[in-house]
Colleague: 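After the structure tokens below, expect a handful of questions from me.
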Amino acid sequence: MIPGGVNIGVLRADDGKCVLIDTGLHETSAKKALKAVREELHGEVVAILTTHAHADHFGGNATVVKRTGARVYAPAFDEAVLRYPLLQPALLFAGADPPASMRGSFMLADASPVDEVITGSHLSVNGFEIDVVSLAGHSPNQLGFLVEGVFFCADIVLPKSVLEKYRIPYLFSVRDHLASLDRCSEVECAMAMPGHGPLLESIEPLRDLNRALVNEVATRAIEFAAEWVTAEVLLTRLLRHFGATASDAPSYYLLHPTVFAFLSFLLDEGKLQHDVRDGESLWKVK
Ligand SMILES: [Zn+2]
């Protein structure tokens, strides 16, 4: 593991050929990973497994590929964002052309080639036999990788420090995320490497913390929709309630789709109703 803002996993084969799991945010994190592989492991990177299409996890891919020719493996669906990274800020900005303030490196990564789209539950890469675990929800098709007892579990659980910073964690699908939280603790492993924070001997304490927060946001969303509200009013109420510091476009729009993830989940669950009238899209408890 190369610890950092985003942890990078390294699988080293006896012949020195290495597989990276994620590459960090940008060129600097990629160069740091290449240096660690070459100087500490006396190896060379031949492949990258990308867990999901968030810029902080694949932003270093382009640099690693340019310098090593590594093959890139990425989850189906998410792979589109690796190839067209503008999709990420565009998806956050209601699907439209995002403003300059949302084109920083945290939002807009360098484009990465994708050589293999991961679709099955097993992968053989450079002699490593890898079980692929769906951890969808945090991104449309986030994947975890289980290799020789180590579970690279990406952002299925966020450490306390990250939860305290963002207060409401970004989600694409609440339903998928809850199912993935159940699934992740069924994986038999000796240790887990999350995308952020220290190695985990057991994933369960953080799973419970993350799940409790999702349930708390869902409960508040219902409470704050006692009368008809727009999604934006509901988002403001949630941000204020949870003390989230959304003071610029990236931090606000990161949670814009998240409120819609909760709205569609609660609508499907029969807890909320939706109506469009007089030019407003409105939500209310059922
Ligand atoms: Zn992520």
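Read the numbers this way: they start at 1 and go in the same order the structure lists the ligands and their atoms.
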Colleague: Under 2.8 Å from the Zn ion (ligand 1), is there any N, O or S atom belonging to D56?
Modeller: no
Colleague: Could you tell me how the ring of H54 sits relative to the ring of H57: parallel (under 30°), tilted (30 to 60°) or perpendicular (over 60°)?
Modeller: perpendicular
Colleague: Is any side-chain N of the basic residue among R38 and E44 closer than 4.0 Å to the acidic one's carboxylate O?
Modeller: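 Yes, charged N to carboxylate O under 4.0 Å.
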Colleague: Which atom, counting only N, O or S, brings H54 closest to the Zn ion (ligand 1)?
Modeller: ND1
Colleague: Has H138 got an N, O or S atom lying less than 2.8 Å from the Zn ion (ligand 1)?
Modeller: yes
Colleague: Taking side chain as C-beta onward, heavy atoms only, is I156 less than 4.5 Å from L181?
Modeller: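 Result yes, sub-4.5 Å side-chain heavy-atom pair found.
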Colleague: Which atom pairs, donor and acceptor, lie under 3.5 Å between side-chain atoms of residues 158-169 and protein residues at least two apart or in another chain?
Modeller:
| unit_1 | atom_1 | unit_2 | atom_2 | d |
| --- | --- | --- | --- | --- |
| R167 | NE | E164 | O | 2.7 |
| R167 | NH1 | F242 | O | 3.1 |

Colleague: Looking at D155, pick out the N, O or S atom nearest to the Zn ion (ligand 1) and give its name.
Modeller: OD2
